[in-house]
> 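Below is a structure I'd like to ask you about.
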Amino acid sequence: MKKRIVFLGTPDFAVPSLEALVAVGEYEIVAVVSQPDRAKDRKGRLLPTPVRACAEKLSLPLFQFERLKKEGVAPLRELNPDLMITAAYGQLLSQEILDIAPVLNVHASLLPAYRGAAPVQWAIIQGEQISGVSIMQTELGLDTGAVMHSKSVEIGESETYGELLTRLSVIGAEELIVALRAYFGGEATFVPQDDEKSSYFPLLNKADAAIDFSLPARQIFNLVRGTNPWPCAYALYQDQPFKVWRAELCEGSGTPAQILRADEKSGLIVACGEGALRLTEVQLPGGKRMKDTDLLRGRKIVQGDLRSAR
RNA sequence: CGCGGGGUAGAGCAGUUGGUAGCUCGUCGGGCUCAUAACCCGGAGGUCAUGUGGUUCAAGUCCCUCCCCCGCAA
């Protein structure tokens with residue numbers, strides 16, 4: 001008899017886990033729960049959540065509760081699952097939900113570090129060199145449950161949030177399967193988190209991505225990586241948002257935001273509080289992302305054009 | 001019908017109050033040089049996104065149509 005599993009997830013990060021659960025063929029996915037569609041395209045039309053799209057592709061029963069705590073209790077209980085799995089679902093569970101069946105969570109950090117909704121972004125912004133995924137117990141507290149399995153992953157020198165997240169989503173799926181076999185095999189051991197060593201980071205917002213050139217180049221470099229592809233670090237160019245998709249550390253010094261070089265050979269190099277940064281891939285409002293050297297072919301950038309966004 | 005910017009040579013941009021297009025880079029040829037992402041000379045390359053559209057003596061430049069891209073907001 002296959003174990004009955006309810007899967008709760010919403011964004012791209014959760015998709016590989018759902019696909020893996022189906023692919024191994026050892027479990028019966030009795031329901032997929034996703035947040036209601038909220039993302040809109042430029043014309044305001046709703047777009048399906050990635051998990052919803054995946055569930056439909058795999059012909060799995062789908063629920064999109066506005067409030068899981070209220071509407072979800074009865075339907076899920078009725079399914080009589082053996083286990084529920086959350087992966088970046090986006091809503092907190094209530095005790096009523098937790099009582100339906102044991103719940104495991106896939107989290108993109110090495111808990112207890114980086115609890116919260118944006119662990120990957122913040123790990124990069126903070127300059128971490130190691131990240132990972134944790135398979136743990138979902139409980140009322142946010143990412144506080146006992147950990148049963150984890151895997152550490154090295155963060156690449158210039159790896160971006162998007163790139164790392166994609167990697168971790170796949171690794172998370174692999175580790176989830178490993179963890180489930182142990183769990184159903186009765187070999188799982190849950191280790192409580194050491195709250196003393198825990199750290200929590202909130203959801204990233206637009207303001208967090210504002211570049212402050214008075215900070216060390218290294219920090220700005222990490223900010224650029226950690227906010228790519230969203231919300232994308234930005235400075236101001238002639239008082240308009242100036243997105244910086246990619247940058248690299250380089251030699252040089254000067255007063256913050258001073259333009260050290262701006263030619264087609266060297267690229268666009270800006271002085272930071274400490275060291276300098278070359279803004280290798282940028283974007284102006286209304287324009288596409290382009291290399292700094294391409295930008296400089298059509299536009300001149302003089303002292304004062306570029307400023308911190310905060 | 002959420003607000004707004006843009007679609008002009010391979011790339012990035014200009015094109016003033018409308019008069020059939022320029023700049024930088026790249027590219028091709030030649031020259032100079034021990035040499036060069038250097039420099040000099042010359043050339044190619046655009047039906048100015050779409051419309052057998054409207055206004056006009058005349059439209060890249062004004063109006064309308066339509067497709068696409070992007071910023072903001074969500």
Side-chain angles (χ1 to χ4, degrees), chain A residues 9-15 33-53 64-68 88-92 116-118 120-121 160-163 165 201-213 220 223-252 257 259-270 276-310:
Chain A
T10 299
D12 289 314
F13 176 75
V15 172
V33 182
S34 171
Q35 287 264 53
D37 298 338
R38 302 210 192 281
K40 296 175 185 172
D41 63 13
R42 234 176 283 276
K43 291 179 181 174
R45 288 179 304 223
L46 287 174
L47 299 173
T49 68
V51 164
R52 172 186 176 171
Q64 289 183 292
F65 303 115
E66 197 61 48
R67 290 171 187 279
L68 174 74
Y89 169 53
Q91 286 189 39
L92 292 176
V120 183
Q121 297 93 313
T160 65
Y161 151 53
E163 292 163 351
L165 185 73
F201 288 87
L203 203 54
L204 209 60
N205 64 46
K206 211 65 186 264
D208 293 318
I211 292 175
D212 177 355
F213 286 112
I220 300 174
L223 179 70
V224 170
R225 291 192 298 136
T227 56
N228 174 332
W230 194 91
C232 190
Y234 65 96
L236 293 178
Y237 169 68
Q238 296 181 345
D239 295 323
Q240 288 192 299
F242 183 80
K243 290 191 169 185
V244 180
W245 287 94
R246 283 178 189 277
E248 55 188 44
L249 298 166
C250 61
E251 301 289 313
I259 294 165
L260 300 179
R261 316 211 54 163
D263 60 81
E264 296 162 41
K265 305 279 168 45
S266 320
L268 179 57
I269 299 178
V270 184
L277 207 57
R278 175 175 167 193
L279 312 182
T280 54
E281 189 175 0
V282 300
Q283 179 179 28
L284 267 50
K288 303 185 175 185
R289 320 162 43 155
M290 64 179 91
K291 293 179 179 176
D292 56 343
T293 49
D294 285 341
L295 174 82
L296 292 167
R297 271 187 205 113
R299 292 183 187 256
K300 286 170 186 164
I301 294 186
V302 300
Q303 291 303 337
D305 275 347
L306 219 51
R307 306 208 327 270
S308 292
R310 71 160 77 189

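Chain naming here is simple, since letters A, B, ... match the order of the sequence lines and numbering starts at 1 in each. FYI, side chains are in, hydrogens and waters are out, and symmetry mates aren't considered; it's all heavy atoms of this structure.
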> Applying salt bridge (Lys or Arg N to Asp or Glu O under 4.0 Å), name anything that partners A:Asp263, two or more places apart in sequence or on another chain.
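A:Arg261.
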> With sequence neighbours left out, which residue pairs that include part of residues 298-310 of chain A fulfil the salt bridge (Lys or Arg N to Asp or Glu O under 4.0 Å) condition?
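The answer is A:Asp239-A:Arg307.
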> How long is the line joining NZ of A:Lys265 and C1' of B:U36, in whole Å?
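The distance from NZ of A:Lys265 to C1' of B:U36 comes to 11 Å, rounded to the nearest Å.
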> Please report the distance separating the P of B:C3 from the corresponding atom of B:C64, rounded so that it comes out in whole Å.
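These two P atoms come out 16 Å apart once rounded.
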> Rounded off to whole Å, could you give me the CG-to-P distance for the A:Leu268 and B:U24 pair?
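Spelled out: CG on A:Leu268 to P on B:U24 is 21 Å.
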> Tell me: NZ of A:Lys291 to C1' of B:U24, nearest whole Å?
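Value for this atom pair: 17 Å.
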> Name the closest nucleotide to the A:Asp294 side chain, picking from B:C25, B:G71, B:G12.
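When the side chain of A:Asp294 is considered, B:G12 is the closest of B:C25, B:G71, B:G12.
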> Between A:Lys291 and A:Asp294, is there a side-chain N and carboxylate O pair less than 4.0 Å apart?
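Not counted as a salt bridge, because no side-chain N and carboxylate O are separated by less than 4.0 Å.
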> Of all the choices, B:A14, B:G71, B:A37, which nucleotide is nearest to the side chain of A:Arg299 once you look at every atom?
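That would be B:A14.
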> Side chain of A:Arg297, heavy atoms from C-beta onward: which of B:A74, B:A37, B:G12 has the nearest atom to it?
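The answer is B:G12, which lies nearest to the side chain.
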> Return the nearest nucleotide to the side chain of A:Met290; candidates are B:A37, B:G12, B:C69.
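The answer is B:G12, which lies nearest to the side chain.
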> Using whole Å, report how far CG of A:Asp292 lies from C1' of B:C25.
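Checked: the CG to C1' distance equals 14 Å.
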> Could you work out, with side-chain hydrogen bond (donor to acceptor under 3.5 Å, both in side chains) as the rule, every residue matching A:Thr10, not counting sequence neighbours?
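A:Thr10 satisfies side-chain hydrogen bond (donor to acceptor under 3.5 Å, both in side chains) with no other residue.
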> Would you name the heavy atoms of A:Leu203 and A:Asp208 that are closest together and state the gap between them?
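Heavy-atom minimum between the residues: O-OD2, 4.1 Å.
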> Using atom names, set out every protein N or O paired with an N or O of nucleotides 5-8 of chain B below 3.5 Å, distance rounded to 0.1 Å.
unit_1 : atom_1 : unit_2   : atom_2 : d
B:G5   : N2     : A:Gly286 : O      : 3.1

> Identify, residue by residue, the members of residues 302-310 of chain A with a heavy atom below 4.0 Å from RNA chain B, and return them in order of residue number, or none.
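Under 4.0 Å from RNA chain B: no residue of residues 302-310 of chain A.
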> Which comes earlier along RNA chain B counting from the 5' end, the contact point of A:Leu284 or that of A:Glu264, where each point is its nearest nucleotide?
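Result of the comparison: A:Glu264.
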> Mind checking the C1' distance from B:C62 to B:G19? Whole angstroms is fine.
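Approximately 14 Å lies between the C1' atom of B:C62 and that of B:G19.
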> Taking B:C70 as the reference, what is the distance to B:U47 when you measure between their C1' atoms (whole Å, please)?
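Roughly 27 Å separates the two C1' atoms.
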> Calculate the interatomic distance between A:Gln238 atom CD and B:G71 atom P; express it in whole Å.
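Result: 19 Å.
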> Can you see if the side chain of A:Lys300 gets near the phosphate of B:C13 - specifically, an N or O under 4.0 Å from OP1 or OP2?
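No.
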> Select one nucleotide: of B:A73, B:C25, B:C69, the one nearest the side-chain heavy atoms of A:Lys288.
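Side chain of A:Lys288 sits closest to B:C69.
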> For the C1' atoms, the ones on B:A14 and on B:C48, what distance do you get once it is rounded to whole angstrom?
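Looking at atom C1' only, B:A14 and B:C48 are 13 Å apart.
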> Please list, chain by chain and in numerical order, all residues satisfying salt bridge (Lys or Arg N to Asp or Glu O under 4.0 Å) with A:Asp37, sequence neighbours excluded.
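A:Asp37: salt bridge (Lys or Arg N to Asp or Glu O under 4.0 Å) contacts with A:Arg52.
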> A:Arg246: what forms a salt bridge (Lys or Arg N to Asp or Glu O under 4.0 Å) with it, not counting sequence neighbours?
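Salt bridge (Lys or Arg N to Asp or Glu O under 4.0 Å) list for A:Arg246, sorted by chain: A:Glu163, A:Glu281.
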> Decide yes or no on side chain to side chain contact (heavy atoms under 4.5 Å, CB included) for A:Phe213 and A:Ile220, but give the supporting numbers first.
CA-CA 7 Å; A:Phe213 286 112; A:Ile220 300 174; 4.1 Å; yes
> List for me each residue that meets ring-ring contact (aromatic ring centres under 6.0 Å, His included) alongside A:Tyr237, sequence neighbours excluded, and say none if there are none.
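A:Tyr237 satisfies ring-ring contact (aromatic ring centres under 6.0 Å, His included) with A:Phe242 only.
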> Any donor-acceptor pair under 3.5 Å linking the side-chain atoms of A:Gln91 with those of A:Gln35?
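Side chains of A:Gln35 and A:Gln91: pair found under 3.5 Å.
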> Within this structure, what is the CG-to-P distance between A:Asn205 and B:A74, rounded to whole angstrom?
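In whole Å, B:A74 P lies 12 Å from A:Asn205 CG.
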> Say we look at B:G54 and B:C1: how far apart would their P atoms be, to the nearest angstrom?
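It comes out at 32 Å once rounded to the nearest Å.
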> By side-chain hydrogen bond (donor to acceptor under 3.5 Å, both in side chains), which residues pair with A:Thr227, not counting sequence neighbours?
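Not a single residue meets the side-chain hydrogen bond (donor to acceptor under 3.5 Å, both in side chains) criterion with A:Thr227.
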> When rounded to the nearest Å, what value does the distance between C1' atoms of B:C68 and B:U8 take?
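About 16 Å, rounded to a whole number of Å.
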> Of all the base pairs, Watson-Crick or G-U under 3.5 Å, which form stems of three or more consecutive pairs involving RNA chain B?
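If one scans RNA chain B for consecutive Watson-Crick or G-U pairs, the stems found are B:2-7 with B:67-72, B:10-13 with B:22-25, B:27-31 with B:39-43.
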> Between B:U61 and B:A49, how far is it from one P atom to the other, in whole Å?
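After rounding to an integer number of Å, I get 8 Å for this pair.
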> B:A74 P sits how many Å from A:Asp37 CG, rounded?
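One finds 19 Å between P of B:A74 and CG of A:Asp37, rounded.
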> If only side-chain N and O atoms of A:Lys243 are considered, is one of them under 4.0 Å from the OP1 or OP2 phosphate oxygen of B:C72?
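Result: yes.
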> Suppose you measure atom C1' in B:A44 against the same atom in B:G29; what distance do you get, rounded to whole Å?
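It works out to 10 Å between them.
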> To the nearest 0.5 Å, what is the distance between CG (A:Leu296) and NZ (A:Lys265)?
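If we round to the nearest 0.5 Å, A:Leu296:CG and A:Lys265:NZ are 12.0 Å apart.
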> Identify, with sequence neighbours excluded, every residue that meets salt bridge (Lys or Arg N to Asp or Glu O under 4.0 Å) alongside A:Glu66.
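Once residues adjacent in sequence are excluded, the partners of A:Glu66 under the salt bridge (Lys or Arg N to Asp or Glu O under 4.0 Å) criterion are A:Arg38.
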> Whether A:Gln240 contacts B:G71 is assessed here as follows: a side-chain N or O lying under 4.0 Å from the phosphate OP1 or OP2. Is that the case?
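Answer is no, no contact under 4.0 Å.
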> For A:Lys40, report the nucleic acid contact type (base, sugar-phosphate, nothing); a contact means any heavy atom under 4.0 Å.
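Base, at least one base atom sits under 4.0 Å.
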> When the distance from CH2 of A:Trp230 to P of B:A73 is rounded to whole Å, what number comes out?
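My rounded result for the distance is 9 Å.
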> Taking ring-ring contact (aromatic ring centres under 6.0 Å, His included) as the test, write out the residues that go with A:Tyr234, two or more places apart.
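Not a single residue meets the ring-ring contact (aromatic ring centres under 6.0 Å, His included) criterion with A:Tyr234.
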